[in-house]
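Input: a single structure, listed below in structure tokens.
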There are 2 protein chains.
Amino acid sequence: MLDLGVIDRTDDRPPYRQIAAQLRRHISAGTLAPGEKLPSESELIEHFGVARMTVRQALQELRGEGLVVAEHGKGVFVRSAPPVRRLASDRFARAHRQDGKAAFLVEAEATGRKATVDQISVSTEAAPAEVAERLHLEEGARVVVRSRRYLSAGVPVEIATSYIPESIAAGTAITSTDSGPGGIYARIEEQGHELAHFTEEVTARMPTPEERKALQIGAGVPVMTLIRTAYDTDETPVEVCDTVKVSHAYVLEYDVPAR
Amino acid sequence: MLDLGVIDRTDDRPPYRQIAAQLRRHISAGTLAPGEKLPSESELIEHFGVARMTVRQALQELRGEGLVVAEHGKGVFVRSAPPVRRLASDRFARAHRQDGKAAFLVEAEATGRKATVDQISVSTEAAPAEVAERLHLEEGARVVVRSRRYLSAGVPVEIATSYIPESIAAGTAITSTDSGPGGIYARIEEQGHELAHFTEEVTARMPTPEERKALQIGAGVPVMTLIRTAYDTDETPVEVCDTVKVSHAYVLEYDVPAR
DNA sequence: CGATTGGACTCCTCTAGACGACTATGTATC
DNA sequence: GATACATAGTCGTCTAGAGGAGTCCAATCG
């Protein structure tokens with residue numbers, strides 16, 4: 001049985017924090033292993049002799065830290081660490097593309113996990129301001145918008161939206177749901193735009209409710225956003241890809257020269 | 001006055017979410033500008049005709065998204081967007097170092113904001129396993145550990161800990177609180193280790209309570225961690241720097257060749 | 001044996017109220 | 001004029017209870 005201690009009313013921390021600390025201690029010590037069920041609210045109420053809301057406040061603290069997830073009707077569980085995907089900075093090397101594989105599937109294969117893509121949608125729209133700027137287009141210029149969701153072993157890990165100038169995408173498989181072998185980068189190069197380099201802008205934040213739903217994550221789990229712009233050998237931007245990744249599922253790796 | 005609408009009991013969203021949505025709407029629309037005070041709990045209770053806990057739950061939702069911060073005795077305020085620092089991938093170019101400036105101060109100057117460093121501590125310890133591995137040292141080998149906190153315009157934005165093998169750091173200013181002109185990278189090069197490149201590993205997560213305190217951030221604000229390893233021209237790792245950044249204060253920029 | 005039903009258990013949402021602590025402001029006093 | 005104090009308003013914490021909804025499993029019925 002779990003040693004949860006008791007509430008110390010002389011402690012300057014409020015009871016709910018003390019309860020949270022006890023549980024947190026067991027989680028970090030491994031006494032409560034990933035995937036394991038925490039004591040139920042009723043049990044905690046009984047053990048600590050506090051009101052229901054106090055126990056719930058403690059649990060909410062842990063949820064806010066992303067340590068536990070509550071499942072309605074089942075219980076509260078220690079969040080199981082999902083497989084971490086390391087994204088190396090050479091993941092868009094042309095050598096990988098020539099196998100006829102899209103970048104995501106290449107990485108996924110390297111980790112030996114089953115990767116899938118769903119919720120693919122393609123449309124042609126006016127470019128949002130942020131995208132137009134990065135593509136050196138006038139605001140409102142038409143771009144092909146490709147959205148999709150990536151899953152690793154069935155678990156959603158990333159949603160991505162690509163924007164390609166219509167002048168490049170028109171008449172190619174880029175406008176189809178299936179972009180063909182090698183993915184859209186292969187199609188872009190077939191249009192005479194040899195890819196030279198990418199810039200990536202990385203930041204992190206809390207997800208919007210819509211993102212929480214699409215990525216199937218609870219409150220308290222942050223996301224990383226990565227906005228990648230692809231340039232051809234003329235330094236012309238040919239694609240902007242806006243991705244939202246479940247933060248604990250990724251480590252991004254970059255190599256930076258000291259110049 | 002703010003148009004907050006009313007609770008729709010036929011809506012499938014619970015009241016507290018509807019209240020949160022109304023407030024969120026005003027925040028994203030700018031009707032509630034950054035720094036502005038939200039209606040008080042009492043006002044929201046009166047307006048929506050709900051219990052206090054319901055209103056508090058709505059506010060907690062917004063706090064969890066990092067949209068608002070509560071200040072005891074004053075009110076709840078829209079989080080003012082802090083100045084964002086863009087970290088370009090060439091920020092460690094030798095050209096910058098030769099001015100005698102440390103990297104952080106160079107970047108900060110570029111944005112015209114006052115940057116400071118405090119809570120500097122230096123010690124010599126056994127290398128933690130993760131660090132030893134990156135430095136190609138045996139576990140437990142001695143390393144010089146340098147910790148410090150960075151502030152931008154007086155606001156904490158990053159805490160950082162560097163690990164340098166004792167064989168390189170011994171007898172240099174690296175072991176002093178003031179590492180001298182150009183920072184520790186200048187000292188490392190003076191020891192005959194010409195820097196060639198860095199690898200950076202980026203991820204994001206929720207902060208620990210200690211990090212929350214050091215960075216002065218409330219619940220619901222994620223952090224990015226960036227672990228940088230510096231290599232000399234012999235591909236020998238000469239430094240590991242573990243940084244924890246307030247996520248909304250940074251955008252990391254990288255340039256990646258297409259090969 | 002298979003399908004359905006019921007109950008136990010779980011977390012979710014909400015109500016109504018209480019006291020405490022912190023902040024700001026105005027007032028009275030020195 | 002400066003200090004001390006009272007007060008109102010704010011959020012923080014806690015109590016005690018209620019009904020709802022999702023999950024699971026065992027007992028029951030066909």
Side-chain angles (χ1 to χ4, degrees), chain A residues 2 6-23 32 35-64 67-79 209 212-213 216-220, chain B residues 2 6-23 32 35-64 67-79 209 212 216 218-220:
Chain A
L2 241 44
V6 294
I7 300 220
D8 176 4
R9 295 279 171 180
T10 68
D11 195 324
D12 49 358
R13 289 177 309 172
Y16 83 90
R17 277 187 191 281
Q18 296 183 39
I19 296 173
Q22 289 290 342
L23 294 169
L32 279 167
E36 202 168 338
K37 183 177 170 303
L38 270 64
S40 74
E41 292 180 359
S42 325
E43 289 168 339
L44 293 172
I45 290 167
E46 170 127 14
H47 177 91
F48 289 107
V50 295
R52 177 185 182 70
M53 289 304 292
T54 307
V55 159
R56 280 186 65 75
Q57 205 162 358
L59 292 172
Q60 182 144 33
E61 176 129 318
L62 298 180
R63 282 194 298 170
L67 292 177
V68 304
V69 290
E71 293 184 41
H72 195 163
K74 298 208 275 191
V76 179
F77 301 84
V78 181
R79 202 188 68 199
R212 284 232 306 269
K213 194 175 169 191
Q216 290 175 18
I217 52 179
Chain B
L2 241 43
V6 294
I7 302 230
D8 176 3
R9 296 279 171 179
T10 68
D11 195 323
D12 47 359
R13 289 177 309 172
Y16 83 91
R17 278 187 190 280
Q18 295 183 41
I19 296 172
Q22 288 290 341
L23 294 169
L32 280 168
E36 202 168 340
K37 183 176 171 300
L38 270 64
S40 74
E41 293 180 357
S42 326
E43 288 168 338
L44 293 172
I45 290 167
E46 169 124 15
H47 177 92
F48 289 108
V50 295
R52 172 128 186 264
M53 290 304 293
T54 307
V55 160
R56 281 186 63 77
Q57 203 162 359
L59 291 173
Q60 182 144 32
E61 175 130 319
L62 298 181
R63 282 193 300 170
L67 291 178
V68 303
V69 290
E71 294 184 42
H72 196 165
K74 298 208 277 191
V76 179
F77 301 83
V78 181
R79 199 187 72 199
R212 283 233 305 270
Q216 290 174 19

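To find a chain, count down the sequence lines: A is the first, B the second, and so on, and within it residues start at 1. Note: hydrogens, waters and symmetry copies are ignored here, and every other heavy atom, side chains too, is used.
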Find which nucleotide of DNA chain D each of A/A51 and B/K37 is nearest to by heavy atoms, and output the residue with the more 5' nucleotide.
B/K37
Quick check: closest heavy atoms across A/K37 and A/G75, and the distance to 0.1 Å?
CE-CA, 4.1 Å
d(CD, B/E61; P, C/dC12) in whole Å
13 Å
Are A/R63 and C/dC12 close enough that a side-chain N or O sits under 4.0 Å from OP1 or OP2?
yes
A/E41 CD to D/dG20 C1', in whole Å, measures 14 Å
Between A/T54 and D/dT15, is there a side-chain N or O to OP1/OP2 distance below 4.0 Å?
yes
Is any side-chain N or O of A/S40 closer than 4.0 Å to OP1 or OP2 of C/dC9?
no
What integer distance in Å separates B/Q60:CD from D/dC11:P?
14 Å
What pairs of donor and acceptor atoms, side-chain ones from residues 51-60 of chain A against any protein atom, are under 3.5 angstrom apart with sequence neighbours left out?
{"residue": "A/R52", "atom": "NH1", "partner": "A/E41", "partner atom": "OE1", "Å": "2.9"}
{"residue": "A/R52", "atom": "NH2", "partner": "A/E41", "partner atom": "OE1", "Å": "2.7"}
{"residue": "A/R56", "atom": "NH1", "partner": "A/E41", "partner atom": "OE2", "Å": "2.7"}

With a sphere of 6.0 Å drawn around CD of A/E71, does it hold more than 12 non-hydrogen atoms of other residues, nucleotides or ligands?
yes
Only one of B/D11, B/V50, B/V6 passes side chain to side chain contact (heavy atoms under 4.5 Å, CB included) with B/Q18, and that residue is B/D11
Roughly how many Å is it from CD in B/E71 to C1' in C/dA21, rounded to a whole number?
15 Å
Could you go through nucleotides 22-24 of chain D and list every protein N or O atom that sits under 3.5 Å from one of its N or O atoms, giving the distance for each pair?
{"residue": "D/dG22", "atom": "N2", "partner": "A/G73", "partner atom": "O", "Å": "3.1"}

hbond_proxy B/R52 side chain to D/dG12 base (donor-acceptor, 3.5 Å cutoff):
yes
Does OP1 or OP2 of C/dC9 have a side-chain N or O of A/S42 closer than 4.0 Å?
no
In whole angstroms, how far is the P atom of C/dC9 from the CD1 atom of A/I45?
14 Å
Rounded to whole Å, CG of B/L59 lies from C1' of D/dT10 at a distance of 12 Å
Give one of base, sugar-phosphate or nothing for A/R13, where a contact means two heavy atoms less than 4.0 Å apart.
nothing
Atom-to-atom span, CD of B/Q57 to P of C/dC12 - whole angstrom
10 Å
Measuring from atom CD1 of B/I7 to atom CD of B/Q22, what distance do you get when rounded to the nearest 0.5 angstrom?
9.0 Å
Measure the distance from CZ on A/F48 to P on D/dT15 and round it to the nearest whole Å.
13 Å
Are any non-hydrogen side-chain atoms of B/L23 and B/L44 less than 4.5 angstrom apart?
yes
Would you say that A/V78 contacts A/L38 through its side chain, given a criterion of any heavy-atom pair below 4.5 Å between the two side chains?
yes
